[in-house]
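Chain identifiers are assigned alphabetically (A, B, ...) following the order of the sequence lines, protein sequences preceding nucleic acid strands; residue numbering begins at 1 within each chain.
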2 protein chains.
Amino acid sequence: MVKRTSFEHDDCPVARALDAIGDWWSMLIIREALFGISRFSEFQKRLGLAKNILTVRLRALVDQGILKTAPASDGSAYQEYLLTPKGRGVFPILVALRQWSEEFDERPQEIATILVDKEKGKPVRKLELHSQDGRLLSAADTALKPRATGKQSRRVMA
Amino acid sequence: MVKRTSFEHDDCPVARALDAIGDWWSMLIIREALFGISRFSEFQKRLGLAKNILTVRLRALVDQGILKTAPASDGSAYQEYLLTPKGRGVFPILVALRQWSEEFDERPQEIATILVDKEKGKPVRKLELHSQDGRLLSAADTALKPRATGKQSRRVMA
DNA sequence: CAACACAGTTTAATAATGCAACCATCGGAG
DNA sequence: CTCCGATGGTTGCATTATTAAACTGTGTTG
């Protein structure tokens with residue numbers, strides 16, 4: 001890619017999120033981190049990406065407050081990369097991606113894992129979007145409203 | 001980049017989803033499409049991307065069954081790009097991205113739009129993940145289980 | 001103290017963007 | 001019928017991201 005158009009100052013929250021974690025590797029790094037991976041070499045082995053890229057990605061994630069470095073709790077020397085609350089907040093996005101694959105992939109049998117709830121070991125339900133008074137909402141039931149305060153915009157999302 | 005590692009045959013559903021819609025533009029194109037945009041020039045104007053890139057992205061999205069081309073319902077000649085069910089299924093992912101920005105962005109006041117429910121015009125609640133018996137689940141309440149049938153794997157997600 | 005693992009950095013090659021200019025088709029005005 | 005602008009692209013070239021692989025500098029093990 002080139003000059004990778006930054007969406008950092010876009011007023012659309014989707015664009016902002018993509019700017020932060022919208023590349024292939026960042027999301028997968030966070031996925032691994034949520035699974036408990038914290039060491040450089042572990043990320044590298046599991047994801048199979050080039051080490052320089054991993055370096056850059058980890059640094060970017062740390063800069064954005066998604067990961068933080070800690071002085072290696074286990075063993076000694078070296079540091080480890082831990083998720084911040086902001087990083088753990090990515091979980092629903094990963095679930096959404098997972099469920100989309102599960103629902104629409106043309107070869108779902110190749111999908112190796114199922115997300116289950118720990119207590120019962122049964123698959124989770126689909127993510128649900130509710131209104132404030134509790135109605136289940138689909139895309140068609142929603143709309144975008146400009147924020148009350150601040151400059152208005154024609155930028156949208158759905 | 002180089003040889004852009006494809007995750008198409010990865011057994012992790014997150015990776016598969018990212019392989020399909022994990023680049024900056026595809027997600028935004030789908031966002032616009034969900035908002036009703038269907039014409040090439042409309043996408044181009046609203047997103048401000050280069051036309052060649054738009055061409056490639058649209059074709060890829062059509063190939064993947066996320067968009068389909070129709071012979072221009074309105075006016076005449078030219079075609080339009082419409083979402084398939086698979087494309088509309090991306091909605092929760094966009095909502096998850098949006099809510100992540102809303103919750104963790106350091107300058108939330110720059111975010112221009114709010115997702116509301118059409119009926120009441122009030123902001124929606126956060127996406128919720130439930131177990132089959134209805135308990136609200138957080139990341140910590142979940143685990144990954146290998147699929148019953150098929151080759152097992154150490155590939156994970158959280 | 002030699003070998004090895006960890007956590008990177010550097011380098012060179014290559015593939016993916018982006019920009020701009022070009023081309024083809026359609027519909028409408030004259 | 002012809003010219004013109006808008007639509008929907010395609011082509012080329014410059015720029016940048018990503019990669020693999022080699023190299024560096026620590027710490028740790030034997």
Counting neighbours of NZ on Lys126(B) that are heavy atoms of other residues, nucleotides or ligands and sit closer than 6.0 Å, is the number greater than 12? yes

How about Lys122(B): does its NZ atom have over 12 heavy atoms from other parts shown lying under 6.0 Å from it? no

Taking only the side-chain nitrogens and oxygens of Trp25(A), find out if one of them lies under 4.0 Å from OP1 or OP2 of dT19(D). yes

Residues in side-chain hydrogen bond (donor to acceptor under 3.5 Å, both in side chains) contact with Asp141(B), at least two apart in sequence or another chain: Ser138(B)

Could you tell me the separation between the [atom1] atom of [X] and the [atom2] atom of [N], rounded to a whole number of Å?
X        : N       : atom1 : atom2 : answer
Arg57(B) : dG9(D)  : CZ    : C1'   : 16 Å
Leu49(B) : dG9(D)  : CG    : C1'   : 13 Å
Ile53(A) : dT16(D) : CD1   : P     : 16 Å
Asp23(A) : dA16(C) : CG    : C1'   : 14 Å
Leu47(B) : dG18(C) : CG    : C1'   : 15 Å

Heavy-atom contacts, protein to nucleotides 3-9 of chain C, under 4.0 Å, summarised as B (base), S (sugar-phosphate only) or - (none) per nt, yield --BBBBB

So do the side chains of Thr142(B) and Lys118(A) get within less than 4.5 Å of each other, counting heavy atoms only? no

Taking the side chain as C-beta and beyond, is there a heavy-atom pair between Arg135(A) and His130(A) under 4.5 Å?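 Of all side-chain heavy-atom pairs linking His130(A) with Arg135(A), none is under 4.5 Å.
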
Transitive ILVMFWY cluster of Val56(A), excluding itself - 4.5 Å side-chain cut-off: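 Once heavy-atom contacts under 4.5 Å are chained together, Val56(A) still belongs with nothing else.
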
